[in-house]
S.K.: 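Quick one: the structure is below, and I'll ask about it shortly.
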Amino acid sequence: MPASVAVPAHDALRCETFTITELADEFALTTRAIRFYEDQGLLAPQRRGTRRLYTPRERVRLKLILRGKRLGMSLAEIAEILDLYAAGKSERSQLEKLLETLSRRRAIIEQQREDIDVVLAEIAALEKDCRKRLKRGAGGA
DNA sequence: GTTCTCACA
DNA sequence: TGTGAGAA
């Protein structure tokens, strides 16, 4: 159980780190997915031997990755913002990059809504036609 | 349990 | 954007 919920005294003394399974459990991810994010350059955990050790900072990055995914951002887009964050860039540059990404995302979503509206209109028209023809042939053979 | 790599959708 | 399988 990660320290975000409760911090036992012994964990307060040790520099807290997380294993890949702890993070996977906490965020309902597979360990494979977490390693995949690392392959894509979104995470860079320390190692104890060959085992990955995640600091609270890496955990925060993972949270940000998940937030980006909820917004429909690509991993590449998420990586860009994360890089600014890690490089200690100004919050301003991060926010500007985020706005840029959100803008692109909004355009895509709005286009999809338009496309959906077009299909809904087609469906409505077809339904109307079907009902009309049913009524016309109501008593006939 | 965790690592990596290759294949696959 | 991930998953499955196999080997270490």
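Below, read A as the first sequence line, B as the second, and so on, with proteins coming before strands; counting in each chain starts at 1.
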S.K.: Report yes or no: is the cationic atom of R59(A) (NZ for Lys, CZ for Arg) closer than 6.0 Å to the six-membered ring centre of F18(A), at no more than 45° off its axis?
M.R.: yes
S.K.: With sequence neighbours left out, write down each residue that passes side chain to side chain donor-acceptor pair (under 3.5 Å) with Q94(A), or none if nothing qualifies.
M.R.: none
S.K.: My understanding is that only residues two or more places apart in sequence, or in another chain, count here; which of them pass side chain to side chain donor-acceptor pair (under 3.5 Å) with S90(A)?
M.R.: S93(A)
S.K.: Identify, with sequence neighbours excluded, every residue that meets side chain to side chain donor-acceptor pair (under 3.5 Å) alongside R104(A).
M.R.: E77(A)
S.K.: Please output the side-chain donor-acceptor pairs of residues 38-46 of chain A that fall under 3.5 Å, not counting sequence neighbours, one pair per line with the distance.
M.R.:
residue, atom, partner, partner atom, Å
E38(A), OE1, R52(A), NE, 2.6
E38(A), OE2, R47(A), NH2, 3.2

S.K.: Going 5' to 3' along DNA chain B, which are the first and last nucleotides with any atom under 4.0 Å from a heavy atom of chain A?
M.R.: dG1(B) to dC4(B)
S.K.: Output a table of nitrogen or oxygen pairs between the protein and nucleotides 4-8 of chain C separated by less than 3.5 Å.
M.R.:
residue, atom, partner, partner atom, Å
dG4(C), N7, R32(A), NE, 3.3
dG4(C), N7, R32(A), NH2, 2.3
dG4(C), O6, R32(A), NH2, 2.3

S.K.: Show me the side-chain donor-acceptor pairs of residues 112-124 of chain A shorter than 3.5 Å, one per line, residues at least two apart or across chains.
M.R.:
residue, atom, partner, partner atom, Å
D115(A), OD1, Q111(A), NE2, 2.9

S.K.: T30(A) near the nucleic acid: base, sugar-phosphate alone, or nothing, with a heavy-atom cut-off under 4.0 Å?
M.R.: sugar-phosphate
S.K.: Partners of T55(A) by side chain to side chain donor-acceptor pair (under 3.5 Å), sequence neighbours excluded?
M.R.: none
S.K.: Can you sort out which residues in residues 34-51 of chain A have a heavy atom within less than 4.0 Å of DNA chain B? Ascending by number, please.
M.R.: R35(A), R47(A), T50(A), R51(A)
S.K.: What integer distance in Å separates L62(A):CG from dG2(C):P?
M.R.: 11 Å
S.K.: My understanding is that only residues two or more places apart in sequence, or in another chain, count here; which of them pass salt bridge (charged side-chain N to carboxylate O under 4.0 Å, His left out) with R92(A)?
M.R.: E96(A)
S.K.: For R133(A), give me all partners under salt bridge (charged side-chain N to carboxylate O under 4.0 Å, His left out), at least two apart in sequence or on another chain.
M.R.: D129(A)
S.K.: List the residues meeting side-chain contact (heavy atoms from CB on, under 4.5 Å) with R51(A), not counting sequence neighbours, and say none if there are none.
M.R.: none
